[in-house]
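Everything numeric in this text was worked out from a predicted model, so none of it was measured.
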Amino acid sequence: MIEQKSPRPDPSPALRPVRGSARCAVAALALAGAAWVARAVWHIRLATAGQPASGLPDQGDGVHRPLNPLEDSYHLVASMGSAVTAVCVIVFLLWLDRMRDNAKALSGADPRYGYPWLWVGWIVPVVNLWIPRGMVADIHRSVFPERRLPAVVNWWWGLWLAGLAGGVGIIYSDDTDEVIARAYNGVLPLLAADLVIVAAAGAAALMVHTLTTAQREHVAGRGY
């Protein structure tokens, strides 16, 4: 009598650890939020101090007067904020890359947007209005097709777009001296943009925690 062999169980998918990258992303987003709070404080300081009698830093026709100590310190705060934001972007995308790979392994379906869009989807005009959100939503929906998308994803994306609007938020269309001039002449739009960016960073951190927790619980529940 020939012994029949039982069928082999399906091999577990190769999953990438995401807990550490999620913690790094949350920490980086908290630092980015703090950097934008610092910018807001300096915007208020500039507005309170008022425009110097010597005029704006950029006096036109290529003429720039020497910066006073407050303006000089704002340049330092702005530079540090930009550096922190750049690091935050990289750390966030590394987390997103791991989550996308795991979603593919768990669902068996390729991501809706290919790998290059992970990086260029944020900077290509027009399509950057929906592709990044689509990549994040795809991570959740491919693993949990029966669940609604967590509301925090839409909150994060709405705040992100609001921060981009008009070049007054995440990406300033003006150089630092021009931003100083705006703080002197009308600080409220700058403060509104700062508030939106801080809120977007907070929503992004909550989103990272929410999606990571859901994916890890799903993996634990299936015994991988």
Side-chain angles (χ1 to χ4, degrees), residues 24-93 96 119-133 155-208:
C24 289
V26 169
L29 286 161
L31 287 175
W36 285 93
V37 169
R39 282 198 181 201
V41 170
W42 256 257
H43 290 157
I44 293 172
R45 292 184 64 191
L46 288 164
T48 303
Q51 182 176 312
S54 55
L56 299 175
D58 184 354
Q59 301 192 336
D61 298 325
V63 178
H64 288 75
R65 65 164 173 78
L67 299 176
N68 62 37
L70 179 58
E71 294 165 345
D72 199 37
S73 65
Y74 178 74
H75 272 262
L76 178 60
V77 168
S79 297
M80 292 180 63
S82 297
V84 168
T85 302
V87 171
C88 179
V89 168
I90 294 172
V91 173
F92 179 85
L93 291 180
L96 187 60
W119 304 96
V120 302
W122 302 81
I123 58 177
V124 176
V126 183
V127 298
N128 64 351
L129 298 178
W130 71 81
I131 282 184
R133 178 194 174 278
W155 277 106
W156 157 70
W157 190 241
L159 290 166
W160 171 270
L161 293 180
L164 289 177
V168 297
I170 299 169
I171 302 175
Y172 282 121
S173 58
D174 301 333
D175 64 27
T176 306
D177 285 344
E178 290 172 329
V179 175
I180 290 173
R182 292 168 63 182
Y184 284 143
N185 297 320
V187 73
L188 290 182
L190 287 177
L191 292 179
D194 294 333
L195 178 61
V196 167
I197 300 310
V198 173
L206 180 58
M207 177 188 69
V208 168

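The distance between the ring centers of W160 and W155 does not fall below 6.0 angstrom.
Of the inter-residue distances, the one linking L67 atom CG with S54 atom OG reads 10.0 Å to the nearest 0.5 angstrom.
Distance alone, capped at 3.5 Å, places no donor-acceptor pair between the W157 side chain and the P132 backbone.
Ring-plane geometry between W122 and F92 is classed as perpendicular, the angle between the planes exceeding 60 degrees on a 0 to 90 degree scale with a lower cut at 30.
Here the side chains of N68 and P52 are in contact, with some heavy-atom distance below 4.5 Å. Looking at heavy atoms from C-beta onward, V37 lies out of side-chain contact with D194 at the 4.5 angstrom threshold. Side chains of R65 and D58 form no contact here, defined as non-hydrogen atoms less than 4.5 Å apart. For the pair L56 and I180, the minimum side-chain heavy-atom distance is 4.5 Å or more.
Contact check on E71 versus R45 returns no salt bridge, with no Lys/Arg side-chain nitrogen under 4.0 Å from an Asp/Glu carboxylate oxygen.
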Between I44 and L191, does a side-chain contact (heavy atoms from CB on, under 4.5 Å) hold up when you go through it step by step?
CA-CA 8 Å; I44 293 172; L191 292 179; 3.7 Å; yes

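Among all heavy-atom pairs drawn from W156 and R133, the shortest one is CZ3-CA, 4.2 Å. Residues T176 and A78 approach most closely at CG2-CB, 4.3 Å, considering heavy atoms. Nearest heavy atoms, A35 versus G81: CB-CA, 3.9 Å. Across all non-hydrogen atoms, the minimal contact from L70 to A49 is CD2-CB, 3.8 Å.
Remark: R39 is positioned above the aromatic ring of W36, its terminal NZ or CZ atom under 6.0 angstrom from the ring centre and at most 45 degrees off the axis.
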